[in-house]
Structure formats: structure tokens, C-alpha cells
Visitor: 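Before we start, here is the structure in question, set down as C-alpha cells.
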2 protein chains.
Amino acid sequence: MTDLFPKKGHDHDRCIDSAIAQAEKVCEAESARFTDMRRKVFSLIWQSHKAVTAYELLDILQSEGLRVQPPTVYRALEFLTDLRLVHRIESLNAYFGCDQPDCDHLGQYFICTKCGRVAEAVDEDMSIAVRKAAKQVAFKIEATTIEIKGLCHDCTTH
Amino acid sequence: MTDLFPKKGHDHDRCIDSAIAQAEKVCEAESARFTDMRRKVFSLIWQSHKAVTAYELLDILQSEGLRVQPPTVYRALEFLTDLRLVHRIESLNAYFGCDQPDCDHLGQYFICTKCGRVAEAVDEDMSIAVRKAAKQVAFKIEATTIEIKGLCHDCTTH
DNA sequence: TCAAGAAATGATATATTATAACATATCACC
DNA sequence: GGTGATATGTTATAATATATCATTTCTTGA
Ligand SMILES: [Zn+2]
Ligand SMILES: [Zn+2]
Ligand SMILES: [Zn+2]
Ligand SMILES: [Zn+2]
């Protein structure tokens, strides 16, 4: 069994720092501005490995005294998802931080229904199967949404 | 190349009749009541092979003079999706009719971004790849959302 | 350095999607 | 026909998302 979800008790500050460092690099490469608001939203998303909704982010920002409205949050989310620094989970209307934004793939997401964590997989066999199925029916893929809900390893054993 | 999306000019009345006949059978088998409202909503969904939103259904029902409110539509949709007669497309917040409700599978949906049609696939290789990937990371699957957006064969050639 | 245009955010309003809660009607069964 | 269960009606509101225009901040080049 390989790890996909981070271990309990891992050093999550390192996850956050690494994610921010990567984001800075991506923005730099794209000549995109990693503004305070975008950085703030990105950090909030990375506070956990769970997916977080736009209005949860809004509540946090407002609770910190910022006079932020929904469009501000959605704009930051659009910026981050366009750069693939953040992914939207369609079946949750929620967003979570990508830990491999440099990877050019059809993403697959494992979502634990017990602990709420999300993990992104880069499974080549899945991608191949999807592309093969599409080819068989002469379908030209533009985007895929592959979201797998269930119990993560930790949640089946604890 | 095998067909997945129905041919243009096919006899869609047959699709509708067949879907309703199947739905009646499923409801019978489950001792579930295929009431007028549920039948009406189901028929509306089957007016095309596109996915349709709850509020589009509501508008149609109201335009026909029925005094229907959102909960009525959502209840019918819940009934139909529970029986797997209708599937929800998460990335569209929309619903479309299943043409193989008897099949016990992890569904995969091809969604044409040009013509709007949706087709359900039952691709065993895709299911195997998903189950294998889950097994590798000791993830216990409860449900899957596999939605593939792009251009159907008709829309790439016409 | 600062003027002009571009980009980002603020602010207000509203659209879209979905559900809670309780009342009424209909159905299945005895 | 009475009774409990199921379905629908009705009203209100929650949750998610976007349109529009004003203001601020940034970039860039004279
Ligand atoms: Zn972490
Ligand atoms: Zn878990
Ligand atoms: Zn048809
Ligand atoms: Zn098409």
C-alpha cells in the first residue's frame, strides 16, 4: 500500500510552506500576480487537506476583520484554479490545494467521507483507461472530472 | 468506432417510450410509486439526451400551468436518482435520464460541450482502473463521479 | 516622476441552486 | 370508511455564484 493521504501528525506547516513556495514559482513563471488577497485565500485553503467552500473562506476572512464580499473570494478562486494551484471538487462545490501544480495530467480526486480530506492521484492507468474509452467512441476530451468518494485508509482502520 | 451518442434523426419517441417502460418496471420491482408528478418529471428529462437543471424542469411545469414549486421538482429528482432512473451530473448541476437502470456499475458520463448531449458509458476497463487505483492506496470506494467533457463524434465532424 | 492604461479589488445587487418546516392531500391497507 | 404512511403543496430561507460599475493599485513608458 502506498500513501496518498498524508500521515496523521505530519508536519503540516511544511505542506503550507511548500505549497506557497510552489505557488510563487508558478505565478512568477506565468507573470501572474500573487497578490495579498490571492495569497491569503491560498493559505486558508491550505490550512487543511480538506476541501473548503467559497463561503467558508469568506467567513474566515470576515471573521478576521476584512471587509470582503463574495466576488473577491470567487475571483481569487478563479485565479488559483486557472493556474491549477487549486482544484474545484464539483461534487462538493469546494476547493482544495493542489500539491503538484507542475504536473500536466487528468486529475483524479479521492475524497474521504469520514475525515473530509481530499487527495489528488496521478494514476496513469486511470488516465489511459479514460482516453481509451473516449477514443473508442470518437470523443475528443477537453476536461475530466474524476472524483472518488469513500473511506481513506486511516478512516477504515481507526 | 462504436456508437455511444444516439444518431441524429433517430426515433426519439422510442427512447422515451422505452425509458418510461423501464421506469415502470423498476418502480414495480421496488414497490415504489411512479406517481403522475414523478412520471411527468421523468418524461421531461427524457425530452432530449441533454442534461436538464431542476429549475428548467420547474419552468416547463409552470409554463404548462401547473402550480409547482422547487421542492416538488427536487423531490421527484431525488426519487428518480435514488432508483438510478436519472443521474445527476455534478459538474453541470443537471440531471439526465439513464438508459440502463438495471446495470449495477460505476457510471461514466460523456458530456458534449457543443451539442449538450450526455451519454452514459459502462466501460469495464475504466471501472477496473478506478478500483485498482483505490486498492493501491487502501481506499474503500463508496461512490464515483466520472464526467468527461469534450466533443462528441457528431460535433467534431459536422 | 508622473500620466495613462491595465489589472485588481470594493461594493451593491441579483441570479442560480437547493432545502427546511409545516400543512394538506392522496394512497394502501385493514 | 377509518387510519397510518406516503406524497405533494406552500412558504420561507439557505447556499452557491455572477453581473455591473466604482475605486484603488500596479505597470510601464514618456
Ligand atoms: Zn499537510
Ligand atoms: Zn478519512
Ligand atoms: Zn433518443
Ligand atoms: Zn455533440
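Letters go in sequence order (proteins before strands), and every chain restarts at 1.
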Visitor: Mind grabbing the angle between the end helix axes of the helix from C:dT1-D:dA30 to C:dC30-D:dG1? Five pairs an end, 10° rounding.
Guide: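 For the helix from C:dT1-D:dA30 to C:dC30-D:dG1, the axes at opposite ends meet at about 30°.
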
Visitor: What is the separation between atom CD1 on B:I89 and atom P on C:dT17, rounded to the nearest whole Å?
Guide: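 Atom-to-atom, B:I89 to C:dT17, this comes out as 15 Å.
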
Visitor: Take the protein atom CZ of B:R67 and the nucleotide atom P of C:dA25, then report the distance between them rounded to whole Å.
Guide: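 It works out to 13 Å between those atoms.
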
Visitor: Looking only at atom types and distance, does a side-chain atom of B:T144 sit under 3.5 Å from a main-chain N or O of B:I146, one as donor and one as acceptor?
Guide: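 No, the answer is negative, given that no donor and acceptor are paired below the 3.5 Å cut-off.
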
Visitor: Provide, to the nearest angstrom, the distance between the CZ atom belonging to B:R39 and the P atom belonging to D:dT8.
Guide: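 So the CZ-P distance, B:R39 to D:dT8, works out to 12 Å.
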
Visitor: Using only side-chain N and O atoms of B:T72, determine if any of them is under 4.0 Å from OP1 or OP2 of D:dG9.
Guide: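 Affirmative; the distance criterion is met.
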
Visitor: Provide, to the nearest angstrom, the distance between the CG atom belonging to B:L58 and the C1' atom belonging to D:dT10.
Guide: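 Atom CG in B:L58 sits about 13 Å away from atom C1' in D:dT10.
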
Visitor: To the nearest 0.5 Å, tell me how far A:F110 CZ sits from A:K149 NZ.
Guide: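 The distance works out to 13.5 Å.
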
Visitor: So which of B:F5, B:Y95, B:F96 actually passes ring-ring contact (aromatic ring centres under 6.0 Å, His included) with B:Y109?
Guide: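 With B:Y109 as partner, ring-ring contact (aromatic ring centres under 6.0 Å, His included) holds for just one option, B:F96.
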
Visitor: Under 6.0 Å from the NZ atom of B:K8, do we count more than 12 heavy atoms belonging to anything else shown?
Guide: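 More than 12 within 6.0 Å, yes.
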
Visitor: Could you tell me the separation between the CG atom of A:D36 and the C1' atom of D:dC26, rounded to a whole number of Å?
Guide: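 These atoms are roughly 13 Å apart.
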
Visitor: Give every pair of a protein N or O atom and an N or O atom of nucleotides 13-19 of chain D that lie under 3.5 Å apart, one pair per line with the distance.
Guide:
| unit_1 | atom_1 | unit_2 | atom_2 | d |
| --- | --- | --- | --- | --- |
| D:dA17 | OP1 | A:R88 | NH1 | 2.7 |
| D:dA17 | OP1 | A:R88 | NH2 | 2.7 |
| D:dA17 | OP2 | A:Y74 | OH | 3.0 |
| D:dA17 | N7 | A:Y55 | OH | 2.7 |
| D:dA17 | N6 | A:Y55 | OH | 3.3 |

Visitor: Just wondering, do A:S91 and A:I111 contact through their side chains at under 4.5 Å, heavy atoms?
Guide: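 A side-chain contact exists here, since the closest heavy-atom pair is under 4.5 Å.
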
Visitor: Take the protein atom NZ of A:K40 and the nucleotide atom P of C:dT9, then report the distance between them rounded to whole Å.
Guide: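 Going from NZ in A:K40 over to P in C:dT9 covers 14 Å.
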
Visitor: Surrounding CD of B:E64 (heavy atoms of other residues, nucleotides or ligands, distance under 6.0 Å), is the total greater than 12?
Guide: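 For B:E64, atom CD is crowded (more than 12 foreign heavy atoms under 6.0 Å).
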
Visitor: For B:D11, does the CG atom sit with more than 12 other heavy atoms under 6.0 Å from it, leaving out its own atoms?
Guide: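 Correct, the count exceeds 12.
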
Visitor: Under 4.0 Å from OP1 or OP2 of C:dA8: is there any side-chain N or O of A:R38 that close?
Guide: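 The answer is yes; a side-chain N or O of A:R38 sits under 4.0 Å from OP1 or OP2.
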
Visitor: How long is the line joining CD of A:E90 and P of C:dA18, in whole Å?
Guide: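 Nearest whole value for this atom pair: 12 Å.
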
Visitor: If you measure from CZ on A:F42 to CD on A:Q22, what distance do you get to the nearest 0.5 Å?
Guide: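 With rounding to 0.5 Å, CZ (A:F42) is 8.0 Å from CD (A:Q22).
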
Visitor: Round to the nearest Å and state the distance from B:E30 atom CD to D:dT6 atom C1'.
Guide: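 In whole Å, D:dT6 C1' lies 17 Å from B:E30 CD.
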
Visitor: So which one's nearest nucleotide on DNA chain C is more toward 5', A:Q69 or A:A76?
Guide: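 Counting from the 5' end, the first nearest nucleotide belongs to A:A76.
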
Visitor: Would you say A:T113's side chain and A:G150's backbone share a donor-acceptor pair under 3.5 angstrom?
Guide: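 Yes.
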
